[in-house]
Amino acid sequence: MSWLLLAATLAQYTPAEAQAVFAEANAAYYERDAGVAEQKYEKLLAQGQGGPDVLFNLGTACLAQGKLGKAVAALERARRLSTDDDIEAQLALARQAQLDRVLGDTGEAPFVQRLAATLDGDLVALAVLALSWLLFVAWLWWRRSEGTAPIRVLVLAGVAALTVLATAGLAAEVYVSQTVREAVVMAQTAQAKEFPGDQARTAFEVHAGLTLRVMETQGSYTRIRLPNALEGWVESSALEPL
Amino acid sequence: MARTGSARAAALSIALMSTAALAEVEFHMSTDRTKVGTEDTFRVQIVVGNAPNDALVQFPKTDDFEVLGRSESTEMGFSVGPGGAGVIKQVKKYTLTLRANRVGKLTLPPATLKSPTTTLSTEALSIEVAKGRLAPDRPPQPQHNPFAPFGIPGFPGADDEELTPLDPFSQQDIPPNEADLFLRASVDKPEPVVGEQVTYTLYIYSRVDVSSVNSPTMPKFDGFWSQDLKTSATLAPEQRLVGGVPYRAFLLRQKAVFPMRPGEYTLSAPEAEITTGFLFAGRAVKKKGNELTIKVKPLPAGVNTSNVGQWRLSTDVTQTEVNLGEPVQLRVIAEGRGNLQALELPKPEVPTGLRAFDPQTTEKASSAQGRLGGSRVVEYVLMPQQTGTFTIPGLTLDFYDPDAKRFEHARTDPITLTVKGATGAVPIAPQAAPLTTDGPKNELTAGGLKPLRHTARFSTPRAPLWQRPFFAPLALAPLVLALGLAIVGGVRRRLAQEDEPSRQRRQAKAARKRLAQAEHVLAEGSTEAFYGEVDKALRGFLEAKLGQAVAGLTRPQLDELMKGRRVKEQVRTRALAVFETCDMGRFAPGMGDAAARQRALDDAAKAMEGWS
């Protein structure tokens with residue numbers, strides 16, 4: 001096992017090599033060979049040289065080839081790593097090309113999900129760490145005071161409020177991460193059944209590029225939920241978890 | 001009417017037939033040259049007129065001359081004879097092609113016409129023979145080209161090979177001692193200009209059976225660019241006359257050569273091994289052809305171009321209206337005759353606002369009627385950089401036409417290209433262009449795929465910060481610490497709130513502990529320190545018991561205090577005595593011995609014990 005890990009480490013690109021492969025992929029795309037570009041971007045990802053830029057370009061190359069599922073999956077992953085107008089614009093184009101129209105979709109996720117999507121998880125976690133220690137120091141400072149100095153009380157209250165807010169944000173992030181799992185439909189057409197099983201009746205169909213929520217998995221089937229609360233069971237192989 | 005005409009024609013034929021027998025016999029021999037060289041051929045014509053049907057012509061027999069060929073023709077003539085009678089004259093002409101075998105003044109014997117009734121002879125001919133070659137090349141036979149009036153100027157018609165100024169079949173002499181089989185190389189243009197096609201042809205001329213030919217050794221065409229036009233896979237004979245002698249001619253090789261520089265070039269003689277006869281009677285002979293000299297003239301001055309031939313030029317684009325970001329293919333096409341490899345095409349002037357990528361060139365060579373040519377297509381990919389209307393100027397291709405002997409110019413029309421705003425295309429940043437206040441505006445429309453990221457910051461996927469092992473302990477540590485400190489503080493506060501008896505017990509315990517320390521001082525031998533410790537220990541004890549500080553009180557004051565707290569007389573007395581002993585021990589001499597110290601220590605202990 002250790003030999004395999006060592007071999008994998010040695011086989012990885014250096015930053016210069018990775019940049020060269022990235023440039024080759026871009027050149028292939030601009031020479032109207034998006035397929036070759038896609039392969040090179042995926043090679044970078046397989047080598048651990050990912051990031052929002054590689055994912056964005058991979059999504060764009062797939063979109064140029066009409067591979068909606070793969071494009072949306074890459075762009076959604078890029079969006080989770082970086083907030084960028086270009087990513088949103090590319091995703092909007094993909095949604096225009098997507099076949100499914102979810103009726104009754106308000107277009108807005110629950111508040112907690114929106115809050116988590118807005119926040120930078122690492123930044124919030126870092127704030128929680130810093131504020132909790134700052135609160136501890138303020139508390140010590142307050143304890144050492146003779147009587148109840150108003151300034152110390154105010155500082156302590158302010159730091160405590162910030163700590164609570166940061167902790168709430170982190171809690172939202174943790175909650176969404178642990179409970180809200182999303183996936184993208186990769187198959188051109190996937191049948192959503194009423195219950196998990198080949199004999200079950202098909203309730204509706206979803207198509208490549210649709211982003212949906214994963215509720216649970218049973219055998220080879222996954223229960224999905226659309227933004228309008230429509231649910232069904234589709235084969236897990238038709239989905240790409242995000 | 002038709003019946004009447006036929007009867008008249010029949011009567012006239014009978015009359016003519018009846019008078020033919022009356023005509024006189026004509027028989028004579030002549031030659032076209034009386035002075036020839038041993039390498040020359042000459043012709044002797046024997047004319048026989050009105051000969052009887054059974055008459056035989058005997059040709060002159062001699063070893064001085066070799067008969068290379070013989071042909072005959074018959075002519076019929078009609079004339080009005082004496083008395084108005086019609087006379088039909090039949091004339092047979094025999095043409096012999098001869099070549100002298102030796103030098104000198106030779107005599108060709110007379111020819112003889114023999115019939116059962118008479119014998120006639122011609123006169124002998126005297127021929128003066130010199131060594132070598134005396135006669136100039138015979139001029140080419142004038143031929144009529146029926147396609148010339150309909151041909152395209154500069155593009156020879158279907159009978160080009162027959163009209164070449166040097167006919168390889170009629171003007172070449174037969175090599176001496178190789179009358180039956182020889183190689184002959186020829187070029188169609190011995191004095192071309194630079195870049196003009198010269199067709200080099202190699203034939204076998206044979207009057208014997210030829211079964212096979214090994215690959216001939218061709219001359220090196222140094223100074224020429226050459227390409228094969230025809231290469232014989234099988235031997236296909238054609239009937240040709242050389243100096244009046246019929247031969248079977250086999251084409252071995254035909255090449256198009258283009259001189260690259262002016263000057264005089266000599267092409268070495270080709271060689272080939274030819275097998276004559278068939279099967280076991282075959283015989284291989286090695287034959288060597290003739291050298292050729294080509295004098296290459298420079299192009300006339302006037303136009304600075306190296307293109308030679310007949311060329312046409314055209315351009316086209318895939319579309320004249322295009323969206324921004326969509327490529328357009330511009331093709332420049334040249335086709336015609338000449339050396340395609342050496343053709344230099346003009347480059348289109350691409351206006352600012354269009355970006356031209358490196359062109360792709362495709363060539364297709366072809367040959368027609370022995371003339372090499374073809375087409376070249378240069379395809380440019382133009383990428384519009386901004387919207388507007390752009391004009392690509394027309395192109396001009398200058399070339400020298402060797403047939404017309406002048407420079408020609410092939411031109412194309414300008415091309416107008418309209419670029420509209422992109423819809424769904426990949427926009428490309430426009431190039432810097434000079435600022436203009438008028439002219440087409442660059443219309444920028446958002447939409448389409450966003451461009452790629454050109455640089456990347458690579459990162460390995462990793463777990464969020466809050467999922468890492470150190471996060472939870474680090475985040476909870478302040479809370480745990482705060483809780484710990486709060487607990488400790490609470491304990492301390494609770495300890496601080498002890499009741500009076502407990503406090504007194506604690507202080508008394510401390511006083512006793514201090515008295516125990518005085519025992520250590522006793523051992524060390526310091527009198528003053530010893531009594532000081534005993535005094536402090538007892539005072540501390542009293543403070544604990546009385547609940548009030550006793551430091552600084554005099555002994556009477558202390559006595560009054562103890563009385564007020566209802567301390568027993570015996571205890572008060574003992575405590576005050578210890579204080580007095582301690583004062584004496586610290587300030588009066590004689591109290592430093594060990595017995596006195598021990599006594600003071602015992603008294604203090606008794607005072608504390610008696611209290612409790």
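For the numbers below, each heavy atom of this structure counts, side chains included, while hydrogens, waters and symmetry mates do not. Chain A is the first sequence line, chain B the second, and so forth, proteins listed ahead of strands; every chain is numbered from 1.
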Sidechain N-carboxylate O distance under 4.0 Å for [X], [Y]:
X	Y	answer
B:Glu335	B:Arg376	no
A:Glu240	A:Arg77	yes
A:Glu24	A:Lys40	yes
B:Lys450	A:Glu88	no

Below 4.5 Å from any heavy atom of chain B, which atoms of [X] appear? Answer side chain, backbone, both or neither.
X	value
A:Trp133	both
A:Gln96	neither
A:Ser177	side chain
A:Asp84	side chain
A:Leu123	neither
A:Leu140	side chain
A:Val174	both

Next on the checklist: Quick check for you: among A:Gly51, A:Ala64, A:Ala125, which has the greatest number of heavy-atom pairs under 4.5 Å with chain B?
Outcome noted: A:Ala125
Checklist entry - If you count heavy-atom pairs under 4.5 Å with chain B, which of A:Gly50, A:Gly48, A:Ala130 comes out on top? => result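 It is A:Gly50.
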Next on the checklist: Test your reading of the model: is there a side-chain donor-acceptor pair from B:Asn307 to the backbone of B:Glu344, 3.5 Å cut-off?
Outcome noted: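 Such a contact is found between B:Asn307 side chain and B:Glu344 backbone.
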Checklist entry - Can you say whether B:Leu485 sits under 4.5 Å from chain A via the side chain, the backbone, both, or neither, judging by heavy atoms? => result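 Contact with chain A: backbone and side chain both.
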Next on the checklist: Please evaluate residues A:Val185 and A:Leu68 with respect to the criterion side chain to side chain contact (heavy atoms under 4.5 Å, CB included), reporting the C-alpha separation (whole Å), side-chain torsions for both, the decisive distance (0.1 Å), and the verdict.
Outcome noted: CA-CA 9 Å; A:Val185 179; A:Leu68 273 182; over 6 Å; no
Checklist entry - Taking B:Ala482, B:Gly489, B:Ala475 one by one, which has the highest count of heavy-atom pairs under 4.5 Å against chain A? => result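 Most heavy-atom pairs under 4.5 Å with chain A: B:Ala482.
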Checklist entry - Do B:Thr455 and A:Gln19 get their side chains close enough for a donor-acceptor pair, meaning under 3.5 Å? => result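 No, no side-chain donor-acceptor contact under 3.5 Å.
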Item to check | Parallel, tilted or perpendicular: ring planes of B:Phe458 versus A:Phe22, cut at 30 and 60 degrees | outcome: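 Taking A:Phe22 first and then B:Phe458, their aromatic rings stand perpendicular (interplane angle over 60°).
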